[in-house]
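Report on the following structure.
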Amino acid sequence: MALSQTWPTGATPASSDAIADALAESGWAVTPGFLTGPEAASLLAEGHALRAGFHRAGIGRGGGHQVAAQVRGDEVLWLDEQTESSAQRRYLDRMAELQAALNQALFLGLFSYETHFAVYPPGAFYKRHLDAFHGSKGRTLSCVLYLNPAWTDADGGHLRLYLDGEHAEPYVDVRPEAGTLVTFLSERFEHEVLPATRERASVTGWYSVRT
Ligand SMILES: O=C(O)CCC(=O)C(=O)O
Ligand SMILES: [Fe+2]
């Protein structure tokens, strides 16, 4: 099957199916081992090599775009669709395969994917927010892939995903361990990044429908 040929060691068709099932059931999915340790390590190494090009992330769009240290403290670098760099290329191919699988299983109409590396220095956070607004017809599915080997709960830095609208509970806390992928409907789930004691690296992306 095409999926296992192009990405033999990481995701299997079963993991795309499992993600589709979880999304259909609850609107979110946590998938440990979406990438293997070595795959996550290559992506992290490429991110480190590009570190000088990262810039402080902002909030808002267009003219309203501004860096807001009280809201988020991460630094980001957008991935280029044309990249020749192997780990990024494989990641983009892999997310294209997931896109096709989710469209086939769930008829989501996911059309494009935008994605950036993100690094949260120790102590940095991203306050509770929504990635897309109801009816905005843009970002549909948020995907966060973590790159941090041997992360423990004591290191902090969890993604807290709020499961019931604006309520404080219930929530799930996801450990940003290398290879774990989190996917959730962008309009539905508020979430925040808790501060960590270590540098915390990830690749975050959004599938959008055609606008
Ligand atoms: O890194 C994470 O766990 C989530 C990042 C996030 O919420 C965002 O970039 O919008
Ligand atoms: Fe977010």
Side-chain angles (χ1 to χ4, degrees), residues 19 22-23 27-35 40 43-44 47-48 50-51 54-62 64-79 88 91 95 98 110 112-134 136 138-149 151-166 168 171-208:
I19 293 168
L23 290 176
W28 60 277
V30 177
T31 312
F34 182 79
L35 294 191
L43 205 45
L44 180 63
H48 276 151
L50 296 166
R51 192 66 179 85
F54 281 52
H55 55 270
R56 284 293 303 273
I59 53 171
R61 284 169 183 270
H65 183 91
Q66 55 190 358
V67 170
Q70 66 279 19
V71 175
R72 65 187 297 188
D74 55 328
E75 298 180 33
V76 304
L77 179 71
W78 291 92
L79 271 72
Q88 291 165 73
Y91 161 74
M95 297 313 285
L98 180 61
L110 305 176
S112 59
Y113 189 63
E114 49 174 343
T115 181
H116 62 52
F117 280 114
V119 167
Y120 289 73
F125 51 79
Y126 192 161
K127 292 289 191 195
R128 182 169 176 161
H129 66 281
L130 209 52
D131 287 347
F133 295 100
H134 295 287
S136 66
R139 291 175 174 179
T140 298
L141 192 68
S142 302
C143 305
V144 194
L145 175 62
Y146 300 107
L147 304 178
N148 313 290
W151 196 275
T152 69
D153 281 330
D155 294 324
H158 297 87
L159 169 67
R160 181 162 292 177
L161 193 63
Y162 294 98
L163 301 181
D164 186 13
E166 294 175 5
Y171 60 75
V172 283
D173 279 350
V174 182
R175 199 155 32 92
E177 172 68 23
T180 297
L181 177 74
V182 183
T183 47
F184 56 90
L185 294 173
S186 306
E187 290 184 356
R188 189 169 338 150
F189 295 97
E190 295 190 359
H191 54 283
E192 73 176 297
V193 178
L194 302 174
T197 58
R198 292 169 52 185
E199 182 173 274
R200 175 192 191 273
S202 56
V203 196
T204 301
W206 298 269
Y207 295 113
S208 295

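Count residues from 1 along the sequence. Order of listing sets the numbers, starting from 1, for every ligand and every atom in it.
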Any protein N, O or S atom under 2.8 Å from the Fe ion (ligand 2)? Found H129 NE2, D131 OD1, H191 NE2
Please tabulate, one line per pair, the protein nitrogen or oxygen atoms found under 3.5 angstrom from a nitrogen or oxygen of ligand 1, with distances to 0.1 Å, or say none if there are no such pairs.
| from | atom 1 | to | atom 2 | distance (Å) |
| --- | --- | --- | --- | --- |
| ligand 1 | 1 (O) | R200 | NH1 | 2.9 |
| ligand 1 | 3 (O) | Y146 | OH | 2.6 |
| ligand 1 | 3 (O) | R200 | NH2 | 2.8 |
| ligand 1 | 7 (O) | H129 | NE2 | 3.1 |
| ligand 1 | 7 (O) | H191 | NE2 | 2.9 |
| ligand 1 | 10 (O) | H129 | NE2 | 3.2 |
| ligand 1 | 10 (O) | D131 | OD1 | 3.1 |

Can you tell me if R139 uses its side chain to pair, donor with acceptor, with the backbone of S186 under 3.5 Å?
-> no
Expected output: side-chain D155 to main-chain R198 donor-acceptor under 3.5 Å = no
Note: L147 and A40 closest approach over all heavy atoms is CD2-O, 3.9 Å
Once the angle between the rings of W206 and H116 is folded into 0 to 90°, is it parallel (under 30°), tilted (30 to 60°) or perpendicular (over 60°)?
-> perpendicular
Should the ring pair Y207 and Y113 be called parallel, tilted or perpendicular, given that the plane angle runs from 0 to 90° and is split at 30 and 60?
-> tilted
Under the side chain to side chain contact (heavy atoms under 4.5 Å, CB included) test, residues paired with Q88 that sit two or more places apart | L43, E46, L50, L79, T83, S85, F117
By salt bridge (Lys or Arg N to Asp or Glu O under 4.0 Å), which residues pair with D164, not counting sequence neighbours?
-> none
Check against side-chain contact (heavy atoms from CB on, under 4.5 Å), L194 and R160 = CA-CA 7 Å; L194 302 174; R160 181 162 292 177; 3.8 Å; yes
Output, in order, the C-alpha distance, side-chain angles, deciding distance and verdict of side-chain contact (heavy atoms from CB on, under 4.5 Å) for H191 and D131.
-> CA-CA 9 Å; H191 54 283; D131 287 347; 3.2 Å; yes
